[in-house]
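One structure below.
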Amino acid sequence: MRYDRSVHEVARDLVGATLRHGATAGRIVEVESYHQEEPACHAFIGPRPRTEVLFGPPGFAYVYRSYGIHALVNVVCEKEDVGAAVLIRALEPVDGIELMRERRGPVADRDLTNGPGKLTEALGITLEMNGVDLASGPIQIEPRTSGREPEVVTGTRIGITKAIELEWRFCDATSEYVSRPWPAAMRSAGRR
DNA sequence: GTATGGATCTTCT
DNA sequence: GAAGATCCATACA
(Lines give C-alpha, C1' and ligand atoms only; values in the text may rest on other atoms or scores of the structure.)
Protein backbone atom coordinates (compact mmCIF):
# COMPACT_ATOMS: atom_id res chain seq x y z
CA MET A 1 0.00 0.00 0.00
CA ARG A 2 1.34 3.42 -0.94
CA TYR A 3 0.64 6.30 1.42
CA ASP A 4 2.25 9.22 -0.44
CA ARG A 5 -1.05 10.18 -2.13
CA SER A 6 -4.39 11.75 -1.29
CA VAL A 7 -5.40 10.90 2.27
CA HIS A 8 -8.95 10.27 1.02
CA GLU A 9 -7.83 7.69 -1.54
CA VAL A 10 -5.82 5.91 1.13
CA ALA A 11 -8.81 6.01 3.48
CA ARG A 12 -11.03 4.31 0.93
CA ASP A 13 -8.41 1.65 0.21
CA LEU A 14 -7.93 0.94 3.91
CA VAL A 15 -11.55 -0.21 4.27
CA GLY A 16 -11.31 -3.99 3.92
CA ALA A 17 -7.56 -4.09 4.65
CA THR A 18 -6.19 -5.83 7.76
CA LEU A 19 -4.59 -4.13 10.75
CA ARG A 20 -2.24 -6.45 12.63
CA HIS A 21 -0.26 -6.16 15.87
CA GLY A 22 1.35 -9.25 17.28
CA ALA A 23 -1.09 -12.14 17.49
CA THR A 24 -4.12 -9.91 17.05
CA ALA A 25 -5.54 -8.63 13.77
CA GLY A 26 -8.76 -7.11 12.50
CA ARG A 27 -10.42 -6.22 9.23
CA ILE A 28 -10.75 -2.42 8.93
CA VAL A 29 -14.40 -1.44 8.49
CA GLU A 30 -14.44 2.25 9.40
CA VAL A 31 -11.95 5.11 8.94
CA GLU A 32 -11.89 8.90 8.76
CA SER A 33 -9.47 11.16 6.87
CA TYR A 34 -7.95 14.32 8.32
CA HIS A 35 -5.96 17.02 6.53
CA GLN A 36 -4.12 20.12 7.71
CA GLU A 37 -6.35 22.30 5.48
CA GLU A 38 -9.35 21.85 7.82
CA PRO A 39 -9.65 22.73 11.52
CA ALA A 40 -10.66 19.30 12.85
CA CYS A 41 -7.18 18.01 12.03
CA HIS A 42 -4.49 18.09 14.71
CA ALA A 43 -2.10 19.39 12.04
CA PHE A 44 -4.27 22.46 11.33
CA ILE A 45 -2.34 24.73 13.70
CA GLY A 46 1.01 23.62 12.33
CA PRO A 47 3.70 21.33 13.72
CA ARG A 48 3.82 20.84 17.49
CA PRO A 49 5.86 18.36 19.50
CA ARG A 50 2.86 16.07 19.78
CA THR A 51 2.00 16.21 16.06
CA GLU A 52 5.42 16.13 14.45
CA VAL A 53 4.80 12.60 13.18
CA LEU A 54 1.88 13.93 11.11
CA PHE A 55 4.30 16.12 9.17
CA GLY A 56 6.88 13.38 8.75
CA PRO A 57 7.10 10.92 5.86
CA PRO A 58 4.01 8.84 4.93
CA GLY A 59 3.54 5.25 6.01
CA PHE A 60 4.11 5.83 9.71
CA ALA A 61 1.74 5.44 12.65
CA TYR A 62 0.49 8.48 14.55
CA VAL A 63 -0.76 7.36 17.96
CA TYR A 64 -2.05 9.99 20.38
CA ARG A 65 -4.03 10.22 23.61
CA SER A 66 -7.67 11.21 23.35
CA TYR A 67 -9.74 12.63 26.21
CA GLY A 68 -6.90 11.85 28.58
CA ILE A 69 -7.71 8.15 28.45
CA HIS A 70 -7.61 6.41 25.10
CA ALA A 71 -4.94 5.79 22.47
CA LEU A 72 -6.09 6.43 18.90
CA VAL A 73 -4.15 5.17 15.88
CA ASN A 74 -3.74 6.94 12.53
CA VAL A 75 -1.90 6.25 9.28
CA VAL A 76 0.20 9.21 8.12
CA CYS A 77 -0.38 10.04 4.43
CA GLU A 78 0.63 12.49 1.70
CA LYS A 79 4.17 13.70 1.19
CA GLU A 80 6.50 14.82 3.93
CA ASP A 81 5.71 18.23 5.46
CA VAL A 82 1.99 17.81 4.69
CA GLY A 83 -0.01 17.00 7.83
CA ALA A 84 -2.62 14.38 6.89
CA ALA A 85 -3.66 11.04 8.31
CA VAL A 86 -6.36 8.36 8.32
CA LEU A 87 -7.91 7.58 11.70
CA ILE A 88 -8.77 3.89 12.17
CA ARG A 89 -12.20 3.87 13.85
CA ALA A 90 -13.42 0.26 13.82
CA LEU A 91 -12.36 -3.31 13.05
CA GLU A 92 -13.86 -6.77 12.76
CA PRO A 93 -11.79 -9.19 14.88
CA VAL A 94 -9.94 -11.69 12.71
CA ASP A 95 -7.02 -13.20 14.67
CA GLY A 96 -6.29 -13.42 18.39
CA ILE A 97 -9.89 -12.93 19.48
CA GLU A 98 -9.26 -14.67 22.82
CA LEU A 99 -6.43 -12.24 23.57
CA MET A 100 -8.70 -9.33 22.64
CA ARG A 101 -11.32 -10.58 25.10
CA GLU A 102 -8.69 -10.70 27.85
CA ARG A 103 -7.55 -7.17 27.11
CA ARG A 104 -11.03 -5.71 26.78
CA GLY A 105 -12.64 -7.42 29.76
CA PRO A 106 -16.25 -8.57 29.98
CA VAL A 107 -17.84 -6.97 26.93
CA ALA A 108 -19.86 -8.44 24.09
CA ASP A 109 -17.79 -9.57 21.11
CA ARG A 110 -19.43 -6.87 19.04
CA ASP A 111 -17.89 -4.28 21.37
CA LEU A 112 -14.34 -5.61 21.19
CA THR A 113 -13.15 -3.34 18.39
CA ASN A 114 -16.09 -1.17 17.24
CA GLY A 115 -14.55 2.15 18.33
CA PRO A 116 -11.20 3.92 17.92
CA GLY A 117 -10.23 3.62 21.59
CA LYS A 118 -11.55 0.07 21.83
CA LEU A 119 -9.56 -1.33 18.93
CA THR A 120 -6.25 0.01 20.22
CA GLU A 121 -6.91 -1.62 23.58
CA ALA A 122 -7.93 -4.90 21.93
CA LEU A 123 -4.80 -4.98 19.72
CA GLY A 124 -2.48 -3.74 22.46
CA ILE A 125 -1.49 -0.59 20.56
CA THR A 126 -0.02 2.01 22.92
CA LEU A 127 1.29 5.56 22.83
CA GLU A 128 4.82 4.20 22.73
CA MET A 129 4.14 3.12 19.14
CA ASN A 130 3.73 6.70 17.97
CA GLY A 131 5.98 7.17 14.95
CA VAL A 132 6.67 3.51 14.12
CA ASP A 133 7.16 2.51 10.49
CA LEU A 134 4.15 0.54 9.19
CA ALA A 135 6.37 -1.26 6.67
CA SER A 136 8.70 -2.74 9.28
CA GLY A 137 7.37 -1.90 12.75
CA PRO A 138 5.23 -3.82 15.22
CA ILE A 139 2.04 -2.55 13.58
CA GLN A 140 1.32 -3.90 10.10
CA ILE A 141 -1.31 -3.20 7.46
CA GLU A 142 -2.12 -5.85 4.89
CA PRO A 143 -4.02 -4.63 1.81
CA ARG A 144 -7.16 -6.55 0.94
CA THR A 145 -6.22 -9.11 -1.69
CA SER A 146 -9.02 -11.63 -1.42
CA GLY A 147 -12.01 -12.40 0.71
CA ARG A 148 -15.02 -10.27 1.29
CA GLU A 149 -15.31 -7.15 -0.83
CA PRO A 150 -16.32 -4.12 1.26
CA GLU A 151 -19.24 -1.94 0.21
CA VAL A 152 -17.76 1.49 0.95
CA VAL A 153 -20.17 4.25 1.90
CA THR A 154 -19.26 7.77 3.01
CA GLY A 155 -20.67 10.16 5.57
CA THR A 156 -19.74 12.95 7.96
CA ARG A 157 -17.11 12.40 10.61
CA ILE A 158 -17.98 11.59 14.21
CA GLY A 159 -17.07 13.14 17.52
CA ILE A 160 -15.75 16.46 16.21
CA THR A 161 -17.05 20.02 16.47
CA LYS A 162 -15.18 21.67 13.58
CA ALA A 163 -15.49 21.03 9.84
CA ILE A 164 -18.42 18.74 10.59
CA GLU A 165 -19.81 19.18 7.07
CA LEU A 166 -17.02 17.25 5.35
CA GLU A 167 -17.98 13.70 4.35
CA TRP A 168 -14.65 12.14 5.16
CA ARG A 169 -15.88 9.03 6.98
CA PHE A 170 -15.60 5.74 5.09
CA CYS A 171 -17.42 2.61 6.27
CA ASP A 172 -18.06 -0.89 5.03
CA ALA A 173 -21.85 -1.08 4.83
CA THR A 174 -21.76 -4.88 5.07
CA SER A 175 -20.15 -4.87 8.52
CA GLU A 176 -21.82 -5.19 11.91
CA TYR A 177 -18.79 -3.65 13.58
CA VAL A 178 -19.07 0.04 12.65
CA SER A 179 -18.79 2.30 15.67
CA ARG A 180 -22.18 3.96 15.30
CA PRO A 181 -25.37 3.52 13.28
CA TRP A 182 -25.60 5.16 9.91
CA PRO A 183 -26.68 8.77 9.63
CA ALA A 184 -30.39 9.07 9.01
CA ALA A 185 -29.88 10.01 5.36
CA MET A 186 -28.09 6.71 4.71
CA ARG A 187 -30.66 4.65 6.58
CA SER A 188 -33.54 6.21 4.69
CA ALA A 189 -31.70 5.36 1.49
CA GLY A 190 -32.15 1.72 2.37
CA ARG A 191 -28.88 0.89 4.07
CA ARG A 192 -28.45 -0.63 7.48
C1' DG B 1 -33.97 2.53 23.87
C1' DT B 2 -31.83 7.62 24.95
C1' DA B 3 -29.41 10.86 28.26
C1' DT B 4 -25.97 12.33 31.35
C1' DG B 5 -21.68 12.65 33.86
C1' DG B 6 -17.04 10.92 35.33
C1' DA B 7 -12.38 9.40 34.29
C1' DT B 8 -7.84 11.76 33.04
C1' DC B 9 -4.03 14.28 30.17
C1' DT B 10 -2.16 17.31 26.53
C1' DT B 11 -2.57 21.56 24.53
C1' DC B 12 -4.11 26.07 24.19
C1' DT B 13 -6.19 30.55 26.21
C1' DG C 1 -9.38 27.15 33.30
C1' DA C 2 -11.40 24.77 29.31
C1' DA C 3 -11.84 21.66 25.53
C1' DG C 4 -11.10 17.51 23.02
C1' DA C 5 -10.89 12.66 16.59
C1' DT C 6 -13.78 8.55 23.78
C1' DC C 7 -15.71 4.98 26.56
C1' DC C 8 -18.41 3.28 30.27
C1' DA C 9 -21.65 3.10 34.17
C1' DT C 10 -25.77 4.66 35.65
C1' DA C 11 -30.38 6.64 35.44
C1' DC C 12 -34.61 6.95 33.36
C1' DA C 13 -38.39 5.91 29.62
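Residue numbers begin at 1 in each chain, while the letters A, B, ... track the order of the sequences. FYI, side chains are in, hydrogens and waters are out, and symmetry mates aren't considered; it's all heavy atoms of this structure.
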Residue pair A:I88 / A:V75, side-chain heavy-atom distance below 4.5 Å | yes
Any side-chain N or O of A:K162 under 4.0 Å from OP1/OP2 of C:dA3?
-> no
Give me the ring orientation class for A:Y62 and A:H42: parallel if the planes are under 30° apart, tilted from 30 to 60°, perpendicular past 60°.
-> perpendicular
Rounded to the nearest 0.5 Å, how far does CG of A:L166 lie from NE2 of A:H35?
-> 11.5 Å
For A:K118 and C:dC7, give me the distance from atom NZ to atom P, rounded to whole Å.
-> 6 Å
Using a side-chain heavy atom cutoff under 4.5 Å and only I, L, V, M, F, W and Y, what cluster partners does A:V94 have?
-> none
Atom pair distance, as rounded to whole Å: CD in A:E121 and C1' in C:dC8 = 11 Å
Roughly, in whole Å, what's the span from CD1 in A:I158 to C1' in C:dT6?
-> 12 Å
Does any non-hydrogen side-chain atom of A:L119 lie less than 4.5 Å from one of A:V73?
-> yes
Is A:R103 salt-bridged to A:E121, cutoff N-O under 4.0 Å?
-> no
Would one find a side-chain N or O of A:T161 under 4.0 angstrom from OP1 or OP2 of C:dA3?
-> no
Answer yes or no: is there an ion pair linking A:R104 with A:D111, defined by an N-O contact shorter than 4.0 Å?
-> no
Strand-adjacent residues in residues 35-57 of chain A, judged by heavy atoms under 4.0 Å from DNA chain C = A:A40, A:H42
Tell me whether A:V63 is reachable from A:Y3 by hopping between hydrophobic residues (I, L, V, M, F, W, Y) whose side-chain heavy atoms are closer than 4.5 Å.
-> yes
So do A:V107 and A:K118 actually touch side chain to side chain, heavy atoms under 4.5 Å?
-> no
A:Y34 ring centre to A:R157 NZ or CZ under 6.0 Å, with the angle to the axis within 45°?
-> yes
Going from OG on A:S6 to CZ on A:R12, what distance comes out if it is rounded to the nearest 0.5 angstrom?
-> 10.5 Å
Expressed in angstrom and rounded to an integer, what is the separation of A:F170 atom CZ from C:dA5 atom P?
-> 18 Å
Run through A:R5, A:R2, A:R144 and flag the one making a salt bridge (charged side-chain N to carboxylate O under 4.0 Å, His left out) with A:D13.
-> A:R5
Tell me which residues in residues 71-96 of chain A put a heavy atom below 4.0 Å from DNA chain C, sorted by number, or none.
-> A:L72, A:N74, A:L87, A:R89
Near A:L127 CG, under 6.0 Å, is it more than 12 heavy atoms from other residues, nucleotides or ligands?
-> yes
Measure from CG on A:L119 to P on C:dA5 and round the result to the nearest Å.
-> 17 Å
Round to the nearest Å and state the distance from A:H70 atom NE2 to C:dT6 atom P.
-> 9 Å
Paired stems touching DNA chain C, three or more consecutive Watson-Crick or G-U pairs with both distances under 3.5 Å?
-> B:1-7 with C:6-12, B:9-12 with C:1-4
Chain A on DNA chain B: first and last contacting nucleotide, 5' to 3', under 4.0 Å to a heavy atom?
-> B:dA7 to B:dC12
Calculate the interatomic distance between A:I125 atom CD1 and C:dT6 atom P; express it in whole Å.
-> 16 Å
Non-neighbouring partners of A:E30 that pass side-chain hydrogen bond (donor to acceptor under 3.5 Å, both in side chains), sequence neighbours left out | A:R89, A:R169, A:S179
